[in-house]
Amino acid sequence: MGCCGQGRATLRQATAASRPGEVPDRTMARVLVRYRAQTPVTIRGVNTGRMYRFDGENAQQHVEAGDAQALLGSRFFVKAD
């Protein structure tokens, strides 16, 4: 049986990995998506909770695959080439 300090260390590592503004985990699959509307928008990814900012028509960026699936289900986003 481990001590409670080990549990806190594990939680701290998990929390640090998901903090906004840190270098993204490159092991996750990413999809290039393009925003089709003209109005700037900030969207929180449904799977990761990451914030994605699209600044206007034809803005594109890489999005985690789970988040991209939800975005591509709307009329505002398409998969970019």
Side-chain angles (χ1 to χ4, degrees):
M1 176 190 262
C3 77
C4 61
Q6 290 172 331
R8 281 193 297 265
T10 301
L11 178 61
R12 207 173 297 123
Q13 288 173 350
T15 303
S18 64
R19 286 187 185 141
E22 291 191 4
V23 177
D25 181 2
R26 300 288 182 208
T27 62
M28 297 183 92
R30 298 170 67 86
V31 177
L32 185 62
V33 298
R34 182 169 49 91
Y35 179 58
R36 297 172 50 178
Q38 295 179 349
T39 305
V41 66
T42 301
I43 297 176
R44 181 182 301 275
V46 295
N47 274 6
T48 65
R50 289 188 176 154
M51 301 301 287
Y52 300 103
R53 173 93 178 142
F54 294 89
D55 290 323
E57 189 173 11
N58 295 322
Q60 61 184 22
Q61 67 177 292
H62 285 95
V63 175
E64 301 301 335
D67 294 338
Q69 184 177 9
L71 294 177
L72 294 171
S74 78
R75 63 187 173 101
F76 297 105
F77 294 90
V78 294
K79 192 171 181 181
D81 296 325

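The basis for the numbers below is simple: all heavy atoms, side chains too, and nothing from hydrogens, waters or symmetry mates.
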* Structure fact -> Cluster membership besides Y35, Ile/Leu/Val/Met/Phe/Trp/Tyr side chains within less than 4.5 angstrom, sorted by chain and number, is V31, V33, V41, I43, Y52, F54, V63, L71, L72, F76, F77

* Could you go through the side chain to side chain contact (heavy atoms under 4.5 Å, CB included) check for R50 and R44 one step at a time? => CA-CA 5 Å; R50 289 188 176 154; R44 181 182 301 275; over 6 Å; no

* To do: Among Q61, E64, H62, find the one that has a side chain to side chain donor-acceptor pair (under 3.5 Å) with R30.
  => E64

* Return yes if some donor-acceptor pair links the side-chain N/O of D55 with the main-chain N/O of P40 below 3.5 Å, else return no. => no

* Asked: In this structure, are over 12 heavy atoms from other groups packed under 6.0 Å from R36 atom CZ?
  -> no

* Can you name the nearest heavy-atom pair linking V46 to A70, along with the distance? -> CG2-CB, 3.6 Å

* Tell me, please, which residues at least two apart from Q38 pass side chain to side chain contact (heavy atoms under 4.5 Å, CB included). => E57

